[in-house]
> 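Quick one: this structure, given as structure tokens, is what I'll be asking you about.
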Amino acid sequence: MSNKFYVTTPIYYVNDKPHIGSTYTTVIADVLARAHRLRGDKTLFLTGTDENSQKNLEAAQKAGFDNLPAYLDSMAEIWQTTWKTLGLTYDDFIRTTEKRHHQGVERFWRAVQKSGDIYKAEYERDYCVGCEAFKTAHELTDGRCPLHPNKDLEKVKEENYFFRASAYKDDLLKLYHEHPEFIEPKSRMNEIRSYVKEAFEDFSISRESGKLACGIPVPDDDSQRIYVWFDALLNYMTAVGYGTDDKLFKKWWPADVHLIGKDIIKFHCALWPAMIMSAAKSDPALLDETGAVLLPKSVHVNGFFTVDGQKISKSLGNAIDPLDLIQEYPFDVIRYFILREIPYGEDGDFSKTRLAERYNSDLANTLGNLVNRAVAMSRKYFNGRVPDVKPEDAKTALPDTEWGGAECLEILWQTVDRYLDASRADLALESIWSSNDCSLNSANRYVEQTKPFKLVKEEPQKAALVLYTLLEACRHFAWMISPMMPDIARKIILQLGQDPKKEEQKSAKDLRQWGGLAPDSELPEPAILFPRLTE
RNA sequence: CGCGGGGUAGAGCAGAUGGCAGCUCGCCAGGCCCAUAACCUGGAGGCCGUGGGUUCAAGUCCCACCCCCGCAACCA
């Protein structure tokens with residue numbers, strides 16, 4: 001039975017190129033997408049760019065573009081090629097300047113309007129005469145413009161449309177209560193709950209056209225343009241046909257997981273569901289057969305990176321370009337590091353020293369070495385082949401050892417699944433490496449405990465069983481890590497003498513079954529998976 | 001009293017429902033020799049931010065305080 005799985009990343013601002021932080025979020029999405037494809041689920045992985053921002057205009061000018069669309073095109077291109085170069089397997093890339101998006105936004109706006117949740121009100125903002133620009137609260141120091149502290153700020157009032165978000169307070173609290181899995185990790189739930197309870201207010205959702213150079217016009221009111229989040233959030237729907245293709249929309253919506261960074265948690269966990277609740281009152285496409293509102297299933301929130309302990313900031317210029325990183329390490333290694341090192345949801349530090357440590361210990365010494373010694377011994381003792389034993393007989397360990405055997409691997413598979421469902425790639429990897437009796441570490445221990453290199457001289461039949469067990473375990477490990485490290489997984493499968501392309505066609509059930517490695521099949525000359533780093 | 005997260009071995013981190021303080025890396029000493037000077041075993045190293053309190057028993061619960069970090073309409 002196959003399910004559908006729809007995962008999204010935020011749409012990224014195009015006033016800069018991708019850095020390690022946006023890469024992290026996108027990699028997690030890639031991991032989830034790959035994991036679900038492996039399980040046989042129909043999977044849609046969406047990413048894209050947010051192009052209706054005032055900031056883009058400034059960025060375009062700075063980059064020497066005289067026309068905005070050309071700039072947006074070039075930036076969208078950079079984001080797409082970066083993700084492709086890194087091998088990220090997104091299925092669709094939405095740009096909020098696309099027609100399909102505009103149509104969906106318009107339909108959604110009208111629905112919310114029909115529900116009676118859009119009203120006009122006066123909105124006051126600070127205007128700095130020196131900069132000739134509006135300032136947001138956090139751009140000010142001591143209530144003054146830092147660039148022109150001698151000039152008083154002007155309070156400028158304008159009429160804007162507001163979204164009656166406050167009307168959905170109770171519904172949101174109910175949602176959090178009934179669906180604790182809506183926000184992951186749990187620690188974020190409290191934050192949102194208290195925010196909604198205490199500070200969730202109506203949102204201004206438009207600006208006067210004259211003061212906002214880009215953006216989607218408010219339906220039936222050219223004097224106003226739709227502002228930020230109201231437009232941006234809708235990409236998750238418009239990408240799957242909301243407003244343009246009802247059948248497609250029905251197929252994919254609601255999203256199963258929205259992956260985001262902690263900075264935009266309020267919009268995704270509070271404003272977004274409130275918007276949908278409102279629109280659903282007037283648009284039946286947003287209801288399921290039972291009449292319940294089709295809200296996203298969950299929002300998974302990751303923390304931020306520091307680089308060598310320092311906050312990443314565009315002004316500091318310490319953002320790491322992933323394309324530079326892959327000059328030094330294969331991307332799978334980077335993937336492993338950022339996924340494993342940082343407990344999902346927490347802030348984490350990106351340090352090259354630490355990366356090198358992880359590389360040597362986890363990848364070269366534990367994983368690489370295990371595969372290498374297992375393959376090398378089999379080749380050496382069994383004519384370059386997988387030992388010719390009955391897989392059944394190698395299911396369990398030799399007596400007086402700790403190895404958990406096939407049964408344990410099955411449980412490990414389930415553990416990995418469960419962690420990935422909560423985006424906990426860190427815990428999934430940790431459990432593959434250690435903390436149970438069929439991990440990579442225990443496999444290495446099994447070699448010590450059985451000593452196949454000695455055993456082969458006394459009881460070759462037993463050595464054959466041990467080595468088959470190890471090789472078959474490596475096959476399982478390869479598929480387990482494949483969502484996280486797809487290239488390495490493929491290389492391991494190759495070293496086991498199998499064709500990754502052919503294997504990938506098999507069902508998840510077959511891949512996870514004991515005995516997928518054919519006895520007496522040929523083993524190619526092993527190559528070092530991870531050359532050890534030396535100073 | 002704006003909101004939230006955090007302060008546990010040299011570094012980085014785990015430690016629902018209170019009960020001998022753990023993991024990874026690094027360091028030291030052994031073992032092994034299949035393997036990428038890799039692997040395995042053992043060891044040293046901790047006033048668990050501070051001060052009170054509850055309890056037979058507290059990183060773990062309560063109170064106060066100190067320090068770090070993030071957020072507060074557009075950086076994942």
Side-chain angles (χ1 to χ4, degrees), chain A residues 9-10 12-13 15-16 18-29 50 52-56 123 125 136-138 186-188 190-192 194-195 198-199 201 203-205 227-232 259-267 271 301-306 311-315 319 340-343 345-349 351 353-354 356-358 360-366 368-381 426-427 430 433-435 441 443-456 463 467 470 526-534:
Chain A
T9 72
Y12 302 103
Y13 284 106
N15 56 2
D16 205 354
H19 58 66
I20 191 70
S22 37
T23 304
Y24 177 63
T25 308
T26 312
V27 164
I28 303 232
D50 185 353
N52 295 321
S53 164
Q54 179 80 13
K55 284 231 164 125
N56 293 334
Y123 180 66
R125 286 198 290 165
T136 56
H138 74 286
K186 300 276 167 286
S187 55
R188 294 285 170 197
N190 303 330
E191 185 180 343
I192 283 302
S194 66
Y195 162 68
E198 287 157 34
E201 290 169 353
F203 277 78
S204 158
I205 53 171
Y227 190 59
V228 264
W229 286 102
F230 200 86
D231 148 32
L259 290 165
I260 61 164
K262 65 177 182 177
D263 54 329
I264 49 179
I265 180 172
K266 290 171 183 174
F267 304 104
L271 176 61
V301 187
N302 62 256
F304 279 179
F305 275 95
T306 50
K311 185 182 168 175
I312 294 180
S313 81
K314 287 173 183 172
S315 48
R340 172 69 208 271
E341 178 78 358
I342 292 125
E346 303 287 311
D347 288 352
D349 189 48
S351 112
T353 318
R354 187 74 186 135
E357 273 175 23
R358 284 258 181 220
N360 271 342
S361 73
D362 295 3
L363 298 180
N365 297 353
T366 304
N369 186 49
L370 174 70
V371 173
N372 196 245
R373 70 201 300 208
V375 172
M377 277 191 278
S378 299
R379 279 171 54 88
K380 204 164 179 178
Y381 307 141
D426 56 319
L427 296 178
E430 192 191 11
W433 255 257
S434 57
S435 76
N441 284 329
N444 272 322
R445 228 172 285 137
Y446 192 49
V447 176
E448 299 303 320
Q449 289 169 354
T450 56
K451 300 196 196 317
F453 39 89
K454 263 191 177 165
L455 206 53
V456 72
L467 287 171
L470 289 169
I528 300 290
L529 282 170
F530 305 99
R532 239 184 101 80
L533 302 171
T534 45

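Convention: sequence-line order gives letters A, B, ...; per-chain numbering from 1. Excluded from the calculations below are hydrogen atoms, water molecules and symmetry mates; all remaining heavy atoms, backbone and side chain alike, are included. Not measured: the values here are computed from a predicted model.
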> Categorize Ser204(A) for me: base, sugar-phosphate, or nothing, with a 4.0 angstrom heavy-atom threshold over every strand shown.
base
> Looking only at heavy atoms, what is the nearest atom pair of Thr366(A) and Ser361(A), with distance?
OG1-O, 2.9 Å
> Using purine N1 to pyrimidine N3 plus N6-O4 or O6-N4 for Watson-Crick, or N1-O2 and O6-N3 for G-U wobble, each under 3.5 Å, what pairs with rA38(B)?
none
> Check every strand shown and say whether Ile260(A) touches a base, only sugar-phosphate, or nothing at a heavy-atom separation below 4.0 Å.
sugar-phosphate
> Answer with yes or no whether the side chains of Thr25(A) and Tyr12(A) bring together a donor and an acceptor at under 3.5 Å.
no
> If you find the nucleotide of RNA chain B closest to Leu529(A) and the one closest to Tyr12(A), which residue's nucleotide is nearer the 5' end?
Leu529(A)
> Could you give the CD-to-P distance, from Glu357(A) to rC13(B), as a whole number of Å?
13 Å
> Just how far, in rounded Å, is P of rA72(B) from OH of Tyr195(A)?
10 Å
> Using atom P of each nucleotide, how far apart are rG22(B) and rC62(B) to the nearest Å?
25 Å
> Is there a Watson-Crick or G-U wobble partner for rG26(B) with both distances under 3.5 Å, and which nucleotide is it?
none
> Less than 4.0 Å between a side-chain N and a carboxylate O, is that true for Arg445(A) and Glu448(A)?
no
> Without decimals, in angstroms, what is the distance between Arg340(A) CZ and rU24(B) P?
10 Å
> Could you tell me which nucleotide pairs with rC3(B) by Watson-Crick or G-U wobble geometry, both distances under 3.5 Å, or answer none if nothing does?
rG70(B)
> Which of these nucleotides, rA73(B), rC25(B), rA76(B), is closest to any side-chain atom of Ser361(A)?
rC25(B)
> Is it the case that the base of rC74(B) and the side chain of Tyr13(A) share a donor-acceptor contact (distance under 3.5 Å, atom types as modelled)?
yes
> Distance between the C1' atoms of rC23(B) and rG45(B), in whole angstroms?
15 Å
> Select base, sugar-phosphate, or nothing to describe what Phe530(A) touches, counting heavy atoms under 4.0 Å on all strands.
base
> Do the side-chain N or O atoms of Lys262(A) get closer than 4.0 angstrom to the phosphate oxygens (OP1, OP2) of rC75(B)?
no
> What's the shortest heavy-atom distance between Ala232(A) and Asp50(A), and which atoms?
CB-OD2, 3.7 Å
> Could you measure between the two P atoms, the one in rA44(B) and the one in rA29(B), and give it in whole Å?
15 Å
> Separation of Asp16(A) atom CG from rA76(B) atom C1', in whole Å?
13 Å
> Can you check the distance between rA21(B) and rG15(B), where both ends of the measurement are the C1' atom (answer in whole Å)?
9 Å
> Quick one: look up who rG46(B) pairs with, Watson-Crick or G-U, both distances under 3.5 Å, and put none if it's unpaired.
none
> Output the rounded distance in Å from NZ (Lys451(A)) to C1' (rC40(B)).
8 Å
> Would you mind calling rG59(B) syn or anti? Take O4'-C1'-N9-C4 for purines or O4'-C1'-N1-C2 for pyrimidines, and syn is within 90° of 0.
syn
> Side chain of Trp229(A) only, heavy atoms from C-beta on: which candidate in rC34(B), rC74(B), rU36(B) is closest?
rC74(B)
> Just how far is it from atom CH2 of Trp229(A) to atom NZ of Lys266(A), taken to the nearest 0.5 Å?
12.5 Å
> What interatomic distance, in whole Å, is found between P of rA11(B) and the corresponding atom of rC47(B)?
13 Å
> Only one of Met377(A), Lys380(A), Arg379(A) forms a side chain to side chain contact (heavy atoms under 4.5 Å, CB included) with Leu467(A), so which one is it?
Met377(A)
> Both Arg532(A) and Lys454(A) contact RNA chain B. Which one's nearest nucleotide lies toward the 5' end?
Lys454(A)
> Base, sugar-phosphate or nothing for Ile264(A)? Non-hydrogen atoms, less than 4.0 Å.
sugar-phosphate
> Give me the distance, rounded to whole Å, that separates rG70(B) from rU36(B) when you measure between the C1' atoms they each carry.
42 Å
> Say you pick atom C1' in rC61(B) and the same atom in rC71(B); how far apart are they, in whole Å?
29 Å
> rG31(B) and rC67(B): how far apart are their C1' atoms, nearest whole angstrom?
46 Å
> Would you say Arg445(A) reaches rU41(B)'s phosphate, i.e. side-chain N/O to OP1/OP2 under 4.0 Å?
yes
> Over how many whole Å does the gap from Met377(A) atom CE to rC39(B) atom C1' extend?
10 Å
> Which listed nucleotide (rU36(B), rC25(B), rG31(B)) is nearest to the side chain of Ala364(A)?
rU36(B)
> Select base, sugar-phosphate, or nothing to describe what Asn302(A) touches, counting heavy atoms under 4.0 Å on all strands.
base
> For Trp433(A) and Asp362(A), which heavy atoms make the closest approach, and how far apart are they?
NE1-O, 3.0 Å
> Nearest to the side chain of Arg354(A) - rC25(B), rC39(B), rC32(B)?
rC25(B)
> Can you confirm whether Asp426(A) sits close enough to Ile342(A) that some side-chain heavy atom of one is under 4.5 Å from a side-chain heavy atom of the other?
no
> Could you state the OH-C1' distance from Tyr446(A) to rC40(B), rounded to the nearest angstrom?
16 Å
> Without decimals, in angstroms, what is the distance between Asn365(A) CG and rA38(B) C1'?
6 Å
> Would one find a side-chain N or O of Lys266(A) under 4.0 angstrom from OP1 or OP2 of rC3(B)?
no
